Participant: 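Take a look at this one; I'll ask things after.
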Amino acid sequence: MKKEKYASIRKGLLQWFQLHQRKLPWRRNHLPYEIWISEIMLQQTQVKTVLPYYERWMARFPDIASVAEATEEELLKYWEGMGYYSRVRNIHKTAHIVMTDHGGEFPREHGAVLKLPGIGPYTAGAVMSLAFNEDFPLVDGNVERVFARLFDIDSPVKEKENQKLIWKTAKELIPSGMARDFNQALMELGALICLPRTPLCGDCPVSGSCESRRAGIVDQRPVAGKRKSLQPIQVAIGLLLRDGKIFIQKRPPHGLMPHLWEFPGGKIQENETPEAALVREFREELDLDICGLNKIALIRHNYTSFKVTLHAYFCTLVSPHQEPVLRTAVDGRWVTPDQLQDYAFPAANRKLIRML
DNA sequence: AAGCCGGGGAT
DNA sequence: ATCCCAGGCTT
């Protein structure tokens, strides 16, 4: 019974994938380097967003050695705008490990792959199956959704017991020797047919095996976990001008947006004006006294767990010869407006730069 | 197990 | 406005 059902799912998915798979640059060949980079980029990032980044990256960094030789600063610039910036730092770390511990060749053993920084269960499974075509399963958001519907999982898919079941099933379903095509077929079905909102069940090659469809409750699967609402936050930032240059600072290596450059500023406290907050933040962060505040714009930007309103100002120094003292930042520079494009900024800062 | 990490696409 | 995305790391 179960055996026949699995056979039907395998056959349906593989046939459908042969006919309907998208042509994607990381599907052209199966080099572990290209699979690895694409998989890291694709973590929580949609294919359409990744495509231009991937092409630019491969043109500049054609192999692992070129990544290992590059500076983190340059890698970060190629990553600017994709978010989750620790991903690119882990790529740099992994490139060094591969060069020193694995003779420049991406490791082929699952345990060794899983140890690399930035590579967890999903990405290790992806490298093993998509690059080396070995029978390792993978589970991403697509697979969770497809299985929740196919097997009518009636509790949140993130729960531990469900994760165990999903990984076990993903392993059992692999047709021996065909993990590369099968795993991609599973994810491709989630991306093109088994959509989050309005799944195209009429075009689904495995709808005959779908338990939640038979029960008429496809729209109730997967069961969602609990979610947090966005907290609104007000932030003041200052473009400090001196001799036609603007001061920028580099964020610390840990926490939010590590090592990206930004304009100084910070959170506006309760019962505080944006101007007072900016003056306070320049004292706290840089030990500088500023004046001549001149409002430029309001920038709105949504993050995952909060939404910021950026109050942006031009400002100048009370004492023009006073130099900034870096308290939280790890670097600081005076740059011309033209040079701003050479540095990697968070998206909210980049919005402001584009306006100017 | 829960929180953190970002940005953009789709609806 | 909300949900979601080829997740991993830290606590």
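Here the structure is a predicted model, which means the values were calculated and not measured.
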Participant: For A:Thr198 and for A:Arg87, find the nucleotide of DNA chain B with the closest heavy atom, then tell me which residue's nucleotide is more 5'.
Facilitator: A:Arg87

Participant: Taking the side chain from A:Lys171 and the backbone from A:Asp135, do they hold a donor-acceptor pair closer than 3.5 Å?
Facilitator: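 Flag set: sc A:Lys171 to bb A:Asp135 pair under 3.5 Å.
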
Participant: In whole Å, I'd like the distance from the OH atom of A:Tyr53 to the C1' atom of C:dA6.
Facilitator: 17 Å

Participant: From CH2 of A:Trp167 over to C1' of C:dA6, roughly how many Å is that when rounded to an integer?
Facilitator: 11 Å

Participant: Base, sugar-phosphate alone, or nothing: which one does A:Lys158 contact when heavy atoms must sit under 4.0 Å apart?
Facilitator: nothing

Participant: Between A:Asn142 and A:Arg145, does any side-chain donor sit less than 3.5 Å from a side-chain acceptor?
Facilitator: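 A pair is found: one side chain offers a donor N or O, the other an acceptor, under 3.5 Å apart.
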
Participant: Check whether any side-chain nitrogen or oxygen of A:Arg350 sits under 4.0 Å from OP1 or OP2 of B:dG7, and answer yes or no.
Facilitator: no

Participant: Mind checking salt bridge (charged side-chain N to carboxylate O under 4.0 Å, His left out) for A:Asp331 and listing every partner two or more places apart, or none if nothing turns up?
Facilitator: A:Arg333

Participant: Whole Å only: how far is the OH atom of A:Tyr84 from the P atom of C:dG7?
Facilitator: 10 Å

Participant: Between C1' on B:dG8 and CH2 on A:Trp79, what's the gap in Å once rounded to a whole number?
Facilitator: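 Result: 15 Å.
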
Participant: For the pair made of CG in A:Leu76 and P in B:dG6, what is the distance, rounded to whole Å?
Facilitator: 10 Å

Participant: Please report, to 0.1 Å, the donor-acceptor pairs under 3.5 Å made by any side chain of residues 205-212 of chain A, with sequence neighbours excluded.
Facilitator:
residue, atom, partner, partner atom, Å
A:Ser207, OG, A:Cys204, O, 3.4
A:Glu211, OE2, A:Lys5, NZ, 2.9
A:Ser212, OG, A:Arg149, O, 2.8

Participant: Enumerate the protein-to-nucleotides 9-11 of chain C contacts in which both atoms are nitrogen or oxygen and the separation is below 3.5 Å.
Facilitator:
residue, atom, partner, partner atom, Å
C:dC9, OP1, A:Gly118, N, 2.8

Participant: Distance check, C1' atoms only: B:dC5 and C:dC5, in whole angstrom units.
Facilitator: 14 Å

Participant: When the C1' atoms of B:dG3 and C:dA6 are considered, how many whole Å apart are they?
Facilitator: 23 Å

Participant: Can you find a side chain N or O atom of A:Gln46 that sits less than 4.0 Å from OP1 or OP2 on B:dG9?
Facilitator: no

Participant: Just to be sure I understand the rule, does A:Trp26 reach a base, reach only the sugar-phosphate, or reach nothing, if contact means heavy atoms closer than 4.0 Å?
Facilitator: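 The answer is base, as A:Trp26 lies within the cut-off (heavy atoms under 4.0 Å) of a base atom.
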
Participant: From the options C:dT2, B:dG7, C:dA6, select the nucleotide whose nearest atom is closest to the side chain of A:Arg197.
Facilitator: C:dT2

Participant: How far does the C1' atom of B:dG8 sit from the matching atom of C:dC9, given to the nearest Å?
Facilitator: 23 Å

Participant: Report the C-alpha separation of A:Lys295 and A:Glu275 in whole Å, then their side-chain angles, then the decisive distance to 0.1 Å, and conclude whether the salt bridge (charged side-chain N to carboxylate O under 4.0 Å, His left out) test is met.
Facilitator: CA-CA 9 Å; A:Lys295 194 147 197 171; A:Glu275 290 84 355; 5.6 Å; no

Participant: Looking for any heavy atom pair under 4.0 Å, which part of the strands does A:Thr123 touch: base, sugar-phosphate only, or nothing?
Facilitator: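 Answer is sugar-phosphate: A:Thr123 comes under 4.0 Å of backbone atoms only.
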
Participant: Please report the distance, rounded to the nearest Å, between CD in A:Gln43 and P in C:dA6.
Facilitator: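 Rounded to the whole Å, the gap is 12 Å.
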
Participant: Tell me: CZ of A:Arg27 to P of C:dA6, nearest whole Å?
Facilitator: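 That distance rounds to 11 Å.
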
Participant: For the base of B:dG8, is there a side-chain donor-acceptor partner from A:Thr45 under 3.5 Å away?
Facilitator: no

Participant: Please say which of A:Phe106, A:Trp57, A:Trp26, A:Tyr54 ends up in a ring-ring contact (aromatic ring centres under 6.0 Å, His included) with A:Trp36.
Facilitator: A:Phe106

Participant: If you assign each of A:Ser86 and A:Thr49 to its closest nucleotide in DNA chain B, which residue comes earlier from the 5' end?
Facilitator: A:Ser86

Participant: Given 3.5 Å as the limit, does a donor-acceptor pair link the side chain of A:Arg221 with the main chain of A:Ile153, or not?
Facilitator: yes

Participant: May I ask you to check whether A:Phe263 and A:Phe345 place their ring centres under 6.0 Å from each other?
Facilitator: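 Yes.
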
Participant: Rounding to the closest angstrom, what is the interatomic distance between C:dG8 and B:dG9 at atom C1'?
Facilitator: 22 Å

Participant: Just the rounded figure in Å: distance from C1' of B:dG6 to CD of A:Gln44.
Facilitator: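 Whole-Å distance recorded here is 10 Å.
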
